[in-house]
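This one's a predicted model, so the numbers in the text were calculated from it and none came from an experiment.
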Amino acid sequence: MSMTEPVLDVVEELRLYFVSFDRPGYGESDPDPRRTPKSLALDIEELADHLGLGYKFYVVGFSMGGQVVWGCLKYIPHRLSGATLIAPVVNYWWPGFPANLSAEAYYRQIRQDHWALYVAHHTPWLTYWWNTQKWFPASAAISMKTDILSRQDLEILPMMAEKRSNRPQATLQGVFESLHRDLMIGFGKWEFDPMDLENPFPNNEGSVHLWQGDEDIMVPSSLQRYIAQRLPWIDYHEVPGAGHLFTAIPQNFGQILKVPFLGRD
């Protein structure tokens, strides 16, 4: 996310207080071999209580962080004042998707990701081996291939050089309990289907927003549109010409922060 001066102005204007944490296996957080979307939601609830953030709080998740937000909407909706998903990674095996739609989106990926995600879903115990062996190409995201970046993403990439250089610190406990565990959870067999979720704010006391670039190569917009159709209580925002990294543009991230609070005290 971009936290440059224009965004900080929005943060000050709305009096927002941000808390970010290292998920299990990242940074200095202990690995959790049994990590699930549910356990992550309960981690967030426990952290919020430990920090005294109050009974209600807002959650934001970008890309693979979408699994965290979906888990919060499922397991701790009573603690949320709202939620925002930004280009959240989609599990092609969620049963709510029509088979033809998910298959079409799946096969639009580059071939090496067909294989990497198939392994993560069907044989998760081989995920580490698959992404470290040298005979077949590993996950394009983990190996940081530019083939999965849109035209706009490639223009934005230099702005994210500092964040990319932080990867060794983020994965200092190894890639298996961090990046590979994310693959196994994000594309594994879920305990629930997000498309079966009920509106957590039936009285309009909060809102859920989903932002997606229409030229995102990593996460197909066709599946996000379908999710929004199935869950009409989600406010869906599709950004024309945007790829996966559009939140690195300060104006975009500032708008994402502002929208949920427009017209609210």
Side-chain angles (χ1 to χ4, degrees), residues 21-44 46 61-75 85 87-97 99 101-145 147-148 164 166-197 217-220 223 227 244:
F21 71 101
D22 292 334
R23 288 175 290 148
Y26 283 95
E28 298 181 12
S29 291
D30 293 338
D32 180 4
R34 294 180 292 181
R35 173 156 61 103
T36 65
K38 182 176 183 178
S39 72
L40 285 168
L42 298 181
D43 283 347
I44 288 175
E46 183 177 354
F62 164 69
S63 192
M64 195 60 86
Q67 61 181 259
V68 184
V69 176
W70 287 123
C72 289
L73 290 168
K74 169 66 175 177
Y75 295 110
L85 300 113
V89 168
V90 170
N91 187 319
Y92 298 94
W93 291 273
W94 285 338
F97 286 130
L101 184 67
S102 58
E104 179 187 4
Y106 178 80
Y107 286 109
R108 286 183 63 187
Q109 302 176 96
I110 62 175
R111 186 174 295 277
Q112 68 188 82
D113 279 348
H114 297 171
W115 299 337
L117 299 189
Y118 185 93
V119 168
H121 182 78
H122 293 285
T123 55
W125 56 90
L126 292 177
T127 300
Y128 177 79
W129 174 83
W130 182 268
N131 287 285
T132 54
Q133 50 76 36
K134 304 303 180 184
W135 296 288
F136 304 102
S139 160
I142 289 179
S143 53
M144 304 177 80
K145 296 284 188 182
D147 308 52
I148 56 174
R164 288 162 64 88
N166 288 339
R167 178 181 276 200
Q169 181 181 354
T171 58
L172 57 86
Q173 299 184 78
V175 294
F176 179 70
E177 284 297 344
S178 52
L179 299 173
H180 298 167
R181 182 69 62 186
D182 266 349
L183 272 183
M184 291 186 286
I185 294 172
F187 298 100
K189 296 175 174 63
W190 279 41
E191 305 157 340
F192 69 96
D193 184 342
M195 283 168 279
D196 291 334
L197 292 175
I217 298 173
M218 297 178 65
V219 181
L223 297 184
I227 291 173
H244 194 66

> So do Leu40 and Pro24 actually touch side chain to side chain, heavy atoms under 4.5 Å?
Replying inline: yes
>> Applying side-chain contact (heavy atoms from CB on, under 4.5 Å), can you list everything that pairs with Trp135, at least two apart in sequence or on another chain?
In response: Trp129, Gln133
>> So, using ring-ring contact (aromatic ring centres under 6.0 Å, His included) as the criterion, who are the partners of Tyr92 when residues are at least two apart?
In response: Tyr106
>> Looking at every non-hydrogen atom in both residues, tell me the closest pair between Gly25 and Ser178 and how far apart they are.
In response: O-CB, 3.6 Å
> Shortest non-hydrogen contact from Asp32 to Ser39?
Replying inline: OD2-OG, 4.0 Å
> Looking at Ile148 and Met218, what are the two nearest heavy atoms and their distance?
Replying inline: O-CG, 3.3 Å
>> Can you give me the closest heavy-atom contact between His122 and Trp125, atom names plus distance?
In response: O-CH2, 3.8 Å
> Does atom OH of Tyr118 have more than 12 heavy-atom neighbours from other groups under 6.0 Å away?
Replying inline: no
> Nearest heavy-atom pair of Leu172 and Gly27: which atoms, and what distance?
Replying inline: CD1-O, 3.4 Å
>> Parallel, tilted or perpendicular, judged at 30° and 60°: which one describes the rings of Trp115 and Phe136?
In response: perpendicular
>> Would you call the rings of Trp94 and Phe97 parallel, tilted or perpendicular, taking 30° and 60° as the class edges?
In response: parallel
>> Would you say that Cys72 contacts Ile44 through its side chain, given a criterion of any heavy-atom pair below 4.5 Å between the two side chains?
In response: yes
> With sequence neighbours left out, what residues match Ser29 under side-chain contact (heavy atoms from CB on, under 4.5 Å)?
Replying inline: Asp22
>> Holding to side-chain hydrogen bond (donor to acceptor under 3.5 Å, both in side chains), I want the full list of residues that pass it with Asp182, two or more places apart in sequence or in another chain.
In response: Arg23, Tyr26, Arg35
>> Taking side-chain hydrogen bond (donor to acceptor under 3.5 Å, both in side chains) as the definition, give me every residue that meets it alongside Gln112, ordered by chain and number, with sequence neighbours left out.
In response: none
> Is any side-chain heavy atom of Phe192 less than 4.5 Å from a side-chain heavy atom of Leu73?
Replying inline: no
> What residue pairs, at least two apart or across chains, pass salt bridge (Lys or Arg N to Asp or Glu O under 4.0 Å) with a residue in residues 171-181?
Replying inline: Glu177-Arg181
I'd like a table of donor-acceptor pairs (distance under 3.5 Å, sequence neighbours excluded) in which one partner is a side-chain atom from residues 183-191, with atom names and distances.
unit_1	atom_1	unit_2	atom_2	d
Lys189	NZ	His121	O	3.2
Trp190	NE1	Ile185	O	2.8
Trp190	NE1	Gly186	O	3.4
Glu191	OE1	Tyr75	OH	2.6

> Pairs in or reaching into residues 102-113: which pass salt bridge (Lys or Arg N to Asp or Glu O under 4.0 Å), with residues at least two apart or in two chains?
Replying inline: none
> Which residue pairs pass the side-chain hydrogen bond (donor to acceptor under 3.5 Å, both in side chains) test with at least one member in residues 63-72, sequence neighbours excluded?
Replying inline: Ser63-His244
> Given Val175 and Asn131, is the side chain to side chain contact (heavy atoms under 4.5 Å, CB included) satisfied, shown in steps?
Replying inline: CA-CA 10 Å; Val175 294; Asn131 287 285; over 6 Å; no
> Which residues pass the salt bridge (charged side-chain N to carboxylate O under 4.0 Å, His left out) test with Asp193, sequence neighbours left out?
Replying inline: none
